[in-house]
Amino acid sequence: MDRDFLQIEGMSRAELEAMLLAAESNLPIAEQRQPRKHLLDGRVVANLFLEDSTRTRCSFETAVHRLGGQVFTLTAAGSSASKGEGLIDTALNVEAMGVGAIVIRTSISGGPAMVAKRVRIPVINAGDGRHEHPTQGLLDLVTLRESLGDLTGRRIGIVGDIANSRVAHSAVQGLSILGANVVLIGPPTLVNKSQGLIAKTSDKISITHDLDSIIGELDAIMLLRIQMERGASSGISDDYRTMYGLTQDRAKRLQSHAVVLHPGPVNRGIEIDDAVADEHGGIRILRQVTHGVAARMAVLEWALASQATRG
Ligand code: CP
């Protein structure tokens with residue numbers, strides 16, 4: 001059976017809910033209230049992080065440790081990727097060392113899927129270009145469910161650089177599968193290209209360019225990082241914060257139960273003001289990070305529980 005975890009798009013509701021339940025059951029271990037598992041005793045997981053990362057890379061490493069396994073991480077600097085070795089050749093060489101699974105972060109949209117066609121071990125997507133960041137999607141859903149319960153009919157606003165955001169793409173897919181209403185919010189340059197995403201998901205997704213008109217109706221607001229490295233800055237005026245930043249004034253207009261998510265890294269003073277990030281009662285940014293360990297444990301368990309190799 002295929003045990004790659006490449007995207008949330010295409011998962012059934014049952015599959016997604018099973019993964020979320022598994023992640024939620026791992027929380028006591030992620031929080032070190034329960035001892036680690038031994039599922040990966042004697043197993044090695046390879047992290048190929050050919051694009052920079054703090055949260056995803058370290059939480060995959062932590063997740064492997066919490067499952068009793070060992071992990072090594074290759075980055076572009078310091079590996080033969082810097083000499084021009086491609087993603088697939090790198091993955092084939094790592095597979096030949098006998099690792100149990102490969103976790104891949106790459107700027108190439110579809111890169112993990114290409115690798116999965118060539119190797120016989122599970123491949124896990126840790127964020128590929130503008131395509132998806134499925135384990136981020138899982139941790140976002142775990143965080144929302146912890147605060148809001150069943151997400152059916154809940155109104156979730158995603159603010160910012162939707163067009164460039166693999167985080168948004170996975171979140172929209174997951175929220176759509178779980179029956180939430182999603183509002184994509186941002187300037188036309190960053191949001192209007194999302195029509196294809198809407199067409200692929202459901203009629204419960206809408207677009208607005210006016211955050212102030214809707215902020216008081218949201219159950220949750222997910223702020224996205226403006227991705228300068230993907231060219232987002234060319235379409236953004238200096239007053240992004242004025243129109244779309246979660247300022248203190250705007251935060252006061254959130255419903256009392258509403259929660260605030262951000263995948264990180266946070267551009268303080270652009271997407272969110274310092275005082276809101278540090279003091280608002282609805283902030284769940286570090287909670288998301290903890291949930292990332294639990295979610296990645298669940299994905300690794302799913303990928304590695306029944307078999308080490310395919311074919
Ligand atoms: N959320 C996220 O993907 O952060 P990193 O780029 O630090 O992994």
Side-chain angles (χ1 to χ4, degrees), residues 5-9 19-20 23 30 45-66 71-77 81 87 102-112 123-144 146 156 158-175 220-233 246 259-268 270-272 277 283-300:
F5 189 72
L6 301 174
Q7 58 185 32
I8 289 184
E9 181 180 355
M19 195 66 85
L20 294 173
V45 171
N47 260 350
L48 303 191
F49 273 64
L50 303 178
E51 205 183 51
D52 292 343
S53 168
T54 294
R55 281 145 289 271
T56 313
R57 169 184 162 172
C58 296
S59 66
F60 264 113
E61 291 177 354
T62 305
V64 173
H65 288 301
R66 298 266 181 265
V71 59
F72 66 83
T73 297
L74 276 186
T75 58
L87 176 61
I102 305 179
V103 178
I104 298 176
R105 153 88 43 120
T106 172
S107 60
I108 305 168
S109 298
V123 173
I124 298 169
N125 181 4
D128 61 330
R130 294 180 174 88
H131 170 230
E132 277 216 32
H133 191 350
T135 58
Q136 177 75 40
L138 293 179
L139 74 88
D140 289 338
L141 294 172
V142 169
T143 304
L144 291 168
E146 181 179 68
I156 314 297
I158 306 180
V159 184
D161 192 1
I162 315 279
N164 289 304
S165 175
R166 56 193 176 211
V167 172
H169 296 162
S170 288
V172 168
Q173 297 291 343
L175 289 165
I221 184 167
M222 295 179 62
L223 307 171
L224 299 175
R225 184 174 67 88
I226 299 300
Q227 299 186 63
M228 308 302 180
E229 75 277 22
R230 296 193 206 290
S233 58
L246 192 59
V259 290
V260 180
L261 279 65
H262 191 305
V266 174
N267 293 311
R268 285 170 177 256
I270 300 177
E271 300 112 24
I272 187 166
I283 292 289
R284 294 291 182 274
I285 296 173
L286 294 178
R287 194 68 184 142
Q288 288 173 268
V289 176
T290 302
H291 289 155
V293 175
R296 286 160 184 139
M297 286 175 68
V299 171
L300 288 162

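All ligand and atom numbering here is 1-based and tracks the order in the structure.
Side chains of Gln136 and Arg296 form a contact here, defined as non-hydrogen atoms less than 4.5 Å apart. Contact annotation: the side chain of His65 never approaches that of Thr62 to less than 4.5 Å [non-hydrogen atoms, C-beta and beyond].
Closer than 4.0 angstrom to ligand 1 by heavy atom are Ser53, Thr54, Arg55, Thr56, Arg105, His133, Gln136, Pro263, Gly264, sorted by chain and number.
Residues passing the salt bridge (charged side-chain N to carboxylate O under 4.0 Å, His left out) test with Arg268 are Asp274, Asp278, sequence neighbours excluded. With sequence neighbours left out, His133 forms a side-chain hydrogen bond (donor to acceptor under 3.5 Å, both in side chains) with Thr56, Arg105. For Thr75, the side-chain hydrogen bond (donor to acceptor under 3.5 Å, both in side chains) test picks out no residue, with sequence neighbours left out.
Between Arg287 and Thr143, the side chains place no donor N or O within less than 3.5 Å of an acceptor N or O (distance only, hydrogens not considered).
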